[in-house]
Amino acid sequence: MALEEPPPCREKEQSYVIRNIKWTSCEDFTVNRGVQQIEDYISTWEVHESWLHCTDFLREEDLEFCKRYHYKTRWSLPTSRKPIPRAIASVHFIIEISEIKPRTFPVEVFFFLESNRLEHRPGKTSFREKWLKDIIESKNNLMESIFF
């Protein structure tokens, strides 16, 4: 009696779309435009509508061949039971303006999460809501372990 071989395993192909926006040119960049473009980029992320966020400009940094503009977006999950969340998660954005490349080139943008040093780039990384949840869960666990 010959054994019948199972059909070949076909893994479900998932298509991940990495979204991005058209970033402004170096010559058209302003601090306020940076905030607006970060907000536009964040709107491409697939996060639940209950998340609230706020983006602020932090500082300008002069380097030898570029200027960096630092921003921070704070995320929270307020609820009707706890309208003031116990913890927030921060995503730091850096917009870099090259002083070497032509001024018509787009700005360079990268971001990282507060608990991680990994650098993400728009158009190269697909943002995961789980990253925000993990930061907030970690902070909540820490607060529960501390007694005052």
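Note that these values count all heavy atoms, side chains included, but never hydrogens, waters or copies made by symmetry. A quick note: this is a predicted structure, and the numbers were derived from the prediction, not measured.
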Could you list the residues that satisfy salt bridge (charged side-chain N to carboxylate O under 4.0 Å, His left out) with Glu46, not counting sequence neighbours?
->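 Glu46 satisfies salt bridge (charged side-chain N to carboxylate O under 4.0 Å, His left out) with Arg19 only.
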
Taking only residues two or more places apart in sequence or in another chain, which ones pass salt bridge (charged side-chain N to carboxylate O under 4.0 Å, His left out) with Lys130?
->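 Partners of Lys130 by the salt bridge (charged side-chain N to carboxylate O under 4.0 Å, His left out) criterion, ordered by chain and then number, come out as Asp134.
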
Give every residue pair that meets the salt bridge (Lys or Arg N to Asp or Glu O under 4.0 Å) criterion with at least one member in residues 30-41, sequence neighbours excluded.
->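 Of all non-adjacent pairs touching residues 30-41, none passes salt bridge (Lys or Arg N to Asp or Glu O under 4.0 Å).
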
Which salt bridge (Lys or Arg N to Asp or Glu O under 4.0 Å) pairs, counting each pair once, include a residue from residues 68-80, with sequence neighbours left out?
->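 Non-adjacent pairs meeting salt bridge (Lys or Arg N to Asp or Glu O under 4.0 Å): Asp56-Arg74, Arg68-Glu96.
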
Side chain to side chain donor-acceptor pair (under 3.5 Å) against [X], all qualifying residues, sequence neighbours excluded:
X     : result
Trp23 : Asn20
Thr79 : none
Asp28 : Ser25
His70 : Glu61

Output every pair passing side-chain hydrogen bond (donor to acceptor under 3.5 Å, both in side chains) with a member in residues 108-119, not counting sequence neighbours, ordered by first then second residue.
->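 Checked against side-chain hydrogen bond (donor to acceptor under 3.5 Å, both in side chains) - neighbours excluded - the pairs reaching residues 108-119 are Lys101-Glu108, Glu108-Arg121, Glu114-Lys139, Glu119-Arg121.
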
Phe105: partners by ring pair (Phe, Tyr, Trp, His ring centres under 6.0 Å), with sequence neighbours left out |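 Phe105 satisfies ring pair (Phe, Tyr, Trp, His ring centres under 6.0 Å) with no other residue.
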
Table please: side-chain donor-acceptor pairs of residues 141-148 below 3.5 Å, with sequence neighbours left out.
| unit_1 | atom_1 | unit_2 | atom_2 | d |
| --- | --- | --- | --- | --- |
| Asn141 | ND2 | Glu137 | O | 3.4 |
| Ser145 | OG | Leu142 | O | 2.7 |

Let me see the working for Thr55 and Ile42 under side chain to side chain contact (heavy atoms under 4.5 Å, CB included), right down to the final yes or no.
-> CA-CA 10 Å; Thr55 302; Ile42 287 171; 4.1 Å; yes

Taking atom types as modelled, find out whether Trp45 and Glu129 have a side-chain donor-acceptor pair closer than 3.5 angstrom.
->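 Checked: Trp45/Glu129 side chains show no N/O donor-acceptor pair below 3.5 Å.
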
Other than Leu52, what residues sit in its cluster of Ile, Leu, Val, Met, Phe, Trp and Tyr side chains whose heavy atoms are under 4.5 Å apart, directly or through others?
->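 Members other than Leu52 - counting any ILVMFWY side chain reachable under 4.5 Å - there are none.
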
